[in-house]
Structure formats: C-alpha cells, structure tokens
Number of protein chains: 2
Amino acid sequence: MPNGGVVKSTRRVTIRDVARRAGVSVQTVSRVLNDHPDVSDATRARVQRAIAELHYQPSAIARSLITRSSGVLGVVASGFQFFGPARLLAGIERQATELGWQLMLRVADPSTPEEYDRIAAALIAQHVEGVIWAYPELSSERERAFRAQVETHAPIVFLSMEANPGDAVLSIENRLGARLAVEHLIERGRRHIGIITGPLNLWSAHQRKLGWQDALASAGLPCTELQVIEGDWSAESGCRGLRQLIEQYPRLDAVFASNDQMALGVLHAAHQLGLTVPRDLSVVGFDNVPESACFIPPLTTVHHDLFALGQLAVREMHRVIQARRAGKPAVVSPLMLRPHLIVRESS
Amino acid sequence: MPNGGVVKSTRRVTIRDVARRAGVSVQTVSRVLNDHPDVSDATRARVQRAIAELHYQPSAIARSLITRSSGVLGVVASGFQFFGPARLLAGIERQATELGWQLMLRVADPSTPEEYDRIAAALIAQHVEGVIWAYPELSSERERAFRAQVETHAPIVFLSMEANPGDAVLSIENRLGARLAVEHLIERGRRHIGIITGPLNLWSAHQRKLGWQDALASAGLPCTELQVIEGDWSAESGCRGLRQLIEQYPRLDAVFASNDQMALGVLHAAHQLGLTVPRDLSVVGFDNVPESACFIPPLTTVHHDLFALGQLAVREMHRVIQARRAGKPAVVSPLMLRPHLIVRESS
DNA sequence: TTGAAAGCGCTAACAA
DNA sequence: TTGTTAGCGCTTTCAA
C-alpha cells in the first residue's frame, strides 16, 4: 500500500538506545561516533552494529548545543531567477557541501525594512557560524545595522557589494569589466556608445556604469546622461531601453548592455527597427550566460566567474571559522576577481 | 577602524542572563518570549527591557531540542542555473519565509550514489520537520532508499517527479503541455514535427516526449525515432540538435524544443542554415522564460508556473506538519498544475 | 579502556 | 502570577 506522506510519530532513537542495545555506556557510544581512539575494537564493533540495527542518526542539534559549533552557514541571497545570483549560490552550495557545512538559506526582500532584523535574528537563532551576504545592494544604514547585530555572533562575508576599506568583501571587478567592453567598442571604431544599466541602487550596476564612463572619458568621446537608460536586468527593459536611447540620442552606433538579458532585448529591438547588428549597431553584454553564444548574432560579452566567487567565499569563511576555533583572530581577505572579454559577432 | 571579519568569542547571552538582569526566574522570561498570557504587564516590560539591553537572541536550537520541533524544512534541489529549478526554489523560499519556516538547502548531485544517504543523514541530523524533494530524476532504487530513511522522521513532498499512485507528488502536467505545443504546430499545417528532448532520465523530459508522441499519434502523423534528438537543456544542444535532426529527417518542417534554451539554439541554427522561422520551420519551446518574448522571432512556448508550485509544496508541507503536531495523521495531496500555450511569432 | 556526573539553553509540568 | 524541577540528546570533564 502506498502511503505518501503518512506521518508517524515515533520517538527519535537516541544515543541511550544505542548504548543500551550495545551494553555499554552512553559515553562509549559517543566515543565511537566521534572516532576517539580509546575504544577497543570489539566494543566499537558492537556499538556500530547497534547503530546500524536501530538506524540511529545522531542529532546535530544536540551536539551543537554543547560543542558550540553548529556546522551551519547562513546565506542571504537575492533573486536567483538571474544567472549571476544562481551561479553564486551554486558555487556556495558546492563548496559548503565539500567542506561539510550545512546551509541555511534566506532570500532578501528589499521591499521591507525590518527584513534585515528578522533575517539576522533568524540566523543567530539557528547558531550559524558564519554568514555569506550575497545580496548586492549598495551598503546602507540598514545593512550596517545588520552587520552590527550579526557580527558579535558570527563573521560575515559580503559578495559583490560596495566595499569600504577593510570590509570583508569578495567581488568581481565590475568596473574593469565594463571598461573592457566599452574599450572594445571604441577599438572597433564606435564613437557614440550608449549604456543600458541595471538598477542603479545596486552596487554592481553602478560600477558597470562607471566603467563605461571611464572608457569614454579616456578616449575623449561623448559621455552624457542622454546616452544612459536605467534598465532592470530584464530582456524587456533592454528592448525598451534601445528604443528610448535612439530617440534621445539618435547618433547612437553602439550599446553596452549591463547584462546579457538586456543585450538580448537590445538585439531584438534592433531587429525590429531594421538595424543590422553589428553593421548599424554594435552590442556588448555582460555575464556571458551560456545562451549568449546562441543569440542572433552571437553576443560579445564580459565573462566572469561567480561560481568560483561563491566557492571562494565559503573557503574564506571556513578558514576564518577554523582560526576562531583555534582561538586565533582572523580576517576575511578582500578580493576582486578579474573578468575578461569574449568577442563574438555582435560587435 | 574597520575590522571586517574580526572574530570575537563572547559567550552567548542566555535566558538566565536576562532573568538575572530583570530580577525574575528563567521561566518568566520564557513566558514573555512565547507570549504566554500569565505575565503581569510590569514584569513583561521589565523582561523586555532586559532583553533589549542585553541584545538577547533566543536559541532556536535549544528550543527545538525540547519542543521537538525545529521549524526547519529541508530542500533538496537540482542545478538552478536553469529557469525552472530557480523559480521552484524561489517559490519555496518565499512561502517558507511567509509561514515562518527556515530552509536547509542541499543540491543533489546525481554523479555520486552515496549522496542520497548523506543528504538524508544530514537533514535528519538537523531535525528537519519536512523535506521538499525538488530534484526531478526518474524514481529509482536509490530514491526509494532515501524515502525509507527520511520518512520515519519527516514527511516528504516530491516535486516534478514520476508519480506512483498515492505518492506525495506535486507537479506540472508536462505531458499535456507538450501535447498542446505539438497540436498547435499541427493546426498551423505542419506535418513533419521533430523534437529535441531534455535528458531522458529526467521524468519531466520523458513526459514531454510522450506528449509530443500523443499529439502526432492522434493526428496520424509520422512519429519515428528519426524525429528525436536528446538534448541536455542547453542552447548549444538545441543548436546541434537541429542540425542532426535535419540531417536524419530532411522533411522536417517544425521542431518542438523541450525547453526555451534549446529552442533558442534551434532558432540560432535555423538562422545559420538560412531557414526563416516560421516560414521554413516552426519552433515551439517550453517554460516561457521571460527572455523568450525577445527571441528572434519571439518564441511560441508553453507557460507553467513553477514558482506557484514551490509555494504550494510548502503550504502542503505546512498543513501536514500542523496536523501531525495536533496528533492527526495527514497526507500530502498529489496535484498537477496545468500549463498553457503562449502563441508568439515562431510558429 | 570505560563509566558517572554535569550541563549546553531552553520549555513542560507542576507547585506555590 | 510566578518559581522550581526535570530533561530534550549530546559531549566534556573527571574518576575508575
């Protein structure tokens, strides 16, 4: 008989049950569980048999209460319908699992102000030993309050955020990446280069805009707000963005879209407007999502490795926590990963 | 002085510290924390002040040890670089947060066989009260072992999986969705309709192939293995897929791609081969990723709401757990969400 | 090599 | 309305 979801309320098998069954003390079972050397082979075997027979599973919760280490990291992420955040989270998860950490996941919702407090409280309540903050908002009053609340309990690593000197931030050189993209357009002879940015309250979006300015400024090319449209990362906003851009800046001959989705929208709008890419308009994106090689035409874009960044964050966290356990103070080393340009046919 | 990541090892503030400061018993503090009525307003105020002054944060861990309810759900997800899994996880997270559940996240890695055991053990160790299995593999021996191991501790909800009668499965009617897509192509006068499937060891991919067969069979149209290419969900595999399909089945006049990424690859390959979509070749996708409206041409595709499915899963889990706490047996009700067709210009 | 006692931080059950 | 006692499942002393 199938019984999907039928609930049984059996009492949890505890270390005492195992001890009783194996005819030893609770302490001896604990020694076996934790691979302590001072157990005779015979006893160890008996205990292990009892564990198997009873399907005993130790309680991480009870253990963490006494050892004061939960083996859990908190992760505060942002909407992972986008490629970047999803890759970041994947990298975090992979490395965490490899190092034996469990992950407590929260998604930050910028719409509610008290959310920060609630997240902090929840993570502290769960005794997380470290927090990975993967929500790329510009640092704000609220975020500082979050830090203050959490940092007395557990170290924090910030990913892809605005870094104040000394902050524990791991990130991508967004500004450099954008500059590479725009310099490439300039090399190809483009002079009137617009940008469709991400939401400018996000640090990464802001940085990419600065990179665009850097490149134009050092080439002595026009760089006005007429060349700027703020998008929301979506393809649809890229589509709208190009139309507006052409309207307010008709000489446009190239666009830097701050992510690949918006670049897709630009390609689409260009096609609708009868513009041939790259002849009439060059387009460069950012992210190098796997699909961008199959855009029409294949997209020139900036590659960066957020999976690696996520892994790195966990490794840093791990190192800091290990040091703390050994009683040594430790600091997360800030780090910026360098992106690079992938040239395809859209430029 | 910035001190990003500097570690302090202050002892945790406990309920006893609060009690001492407020001049009451530990029990009274507990009552305040849990909103019990039998506390005088004066006492309550004193306790709350002490809590605020000491920045006390209750320990969910200690609490769950005694109450036998952790407030944590386990989630086993698959690679969320794809739109579907990401939306699913987002829906799960949103609803979990709304109902006050914490989420323990694991990503299943099909490459290692013992992985199932390890995941089960880890979740049980963390006292999860329910498990949401969002990894859409065909049900297997291993998965049954996972069930057996977990289900004595906590109910499981399966998402987007093969359902045996009575299983606690919530899903999308993949087969129906695919049939809708292919019937649409037939209505448009297409007779030689190929398919690019997802990895056929995944239930959802298999179902979509069956839906394709259903439509062709009831229309009396050719339906052979020559019309089938197995892809891997990636755009690149869609691109390769179309080339192979045309080679082994030259009369091809339409393609059903089992997700939108692969459909993008098909559009790309068609463009390279000088085929005009939809004149020479009609294309339909599956998923309705936001970008598909900006493909060239905009993609006809099957819409389904995995975000809603994720929310639903948590609500079902919640209901079952609540019932269990009340001592009543409860079962997750199986459910299939109906997808629908979005007609755009690629067909 | 093994076991007994204490206690991590909290709440349930009872008593006052 | 408040406090006392016991104990959730485990590991860390310490003693045998």
Side-chain angles (χ1 to χ4, degrees), chain A residues 9-47 50-51 54-72 121 124-129 153 325, chain B residues 9-48 50-51 54-72 121 124-129 153 325 327:
Chain A
S9 69
T10 40
R11 191 179 62 77
R12 197 181 174 98
V13 176
T14 77
I15 198 171
R16 298 171 85 122
D17 302 317
V18 175
R20 201 170 306 131
R21 176 128 189 167
V24 296
S25 76
V26 160
Q27 184 43 231
T28 301
V29 177
S30 172
R31 286 194 185 99
V32 172
L33 290 175
N34 295 286
D35 274 331
H36 282 251
D38 294 346
V39 184
S40 73
D41 288 351
T43 311
R44 181 179 303 267
R46 262 211 328 260
V47 169
I51 288 175
L54 295 172
H55 301 292
Y56 168 71
Q57 297 277 20
S59 160
I61 273 186
R63 182 179 288 168
S64 60
L65 204 50
I66 186 122
T67 61
R68 286 137 183 293
S69 80
S70 63
V72 177
I124 294 170
Q126 296 293 335
H127 292 226
V128 299
E129 295 186 68
H153 292 264
R325 283 181 186 160
Chain B
S9 67
T10 40
R11 189 179 64 78
R12 196 179 175 100
V13 176
T14 77
I15 198 172
R16 299 171 83 123
D17 301 318
V18 176
R20 200 171 307 132
R21 177 128 189 168
V24 297
S25 77
V26 161
Q27 185 44 233
T28 300
V29 178
S30 173
R31 286 194 186 97
V32 171
L33 290 176
N34 295 286
D35 272 331
H36 281 252
D38 295 346
V39 184
S40 73
D41 288 352
T43 312
R44 182 180 302 269
R46 261 213 327 261
V47 169
Q48 269 156 352
I51 287 175
L54 295 172
H55 301 292
Y56 167 72
Q57 297 278 18
S59 161
I61 273 187
R63 181 178 288 169
S64 59
L65 205 50
I66 186 119
T67 61
R68 287 140 181 292
S69 79
S70 62
V72 178
I124 294 170
Q126 297 292 335
H127 292 225
V128 298
E129 294 186 69
H153 293 264
R325 284 181 186 162

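Because the structure is a prediction, the values reported are computed rather than measured.
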Between P of dT2(C) and CG of Asp41(A), the distance in whole Å: 10 Å
Greater than 12 external heavy atoms within 6.0 Å of Arg325(A)'s CZ: yes
Length of the CZ-C1' vector between Arg46(B) and dT2(D), whole Å: 11 Å
Annotated protein contacts, base or backbone, on nucleotides 5-16 of chain D with a non-hydrogen cut-off under 4.0 Å, one of B, S, - each: --BBBSBB----
Exam field: side chain Glu129(A) to backbone Gly71(A), donor-acceptor pair closer than 3.5 Å: yes
Divergence of helical axes at both termini of the helix from dT1(C)-dA16(D) to dA16(C)-dT1(D) - five pairs an end, 10° steps: 40°
Interatomic distance, Arg11(A) atom CZ to Asp17(A) atom CG [nearest 0.5 angstrom]: 4.5 Å
Considering all heavy atoms, the nearest Ala60(A)-Gln126(B) contact: CB-NE2, 3.7 Å
Touch class at under 4.0 angstrom, heavy-atom based, for Ser64(B) against every strand present: nothing
Gap between atoms CZ and C1', on Arg325(B) and dT11(C) respectively (whole Å): 15 Å
Student check: side-chain heavy atoms of Arg20(A) and Thr14(A) closer than 4.5 Å: no
Validation row: Val13(B), His55(B) side chains within 4.5 angstrom (heavy atoms): no
Distance-minimising heavy-atom pair for Ala50(A) and Arg21(A): CB-CG, 3.7 Å
Thr28(B) side-chain N/O to dT2(D) phosphate OP1/OP2 under 4.0 Å: no
Point-to-point distance, once rounded to the nearest 0.5 Å, from CZ of Arg44(A) to CG of Asp35(A): 6.0 Å
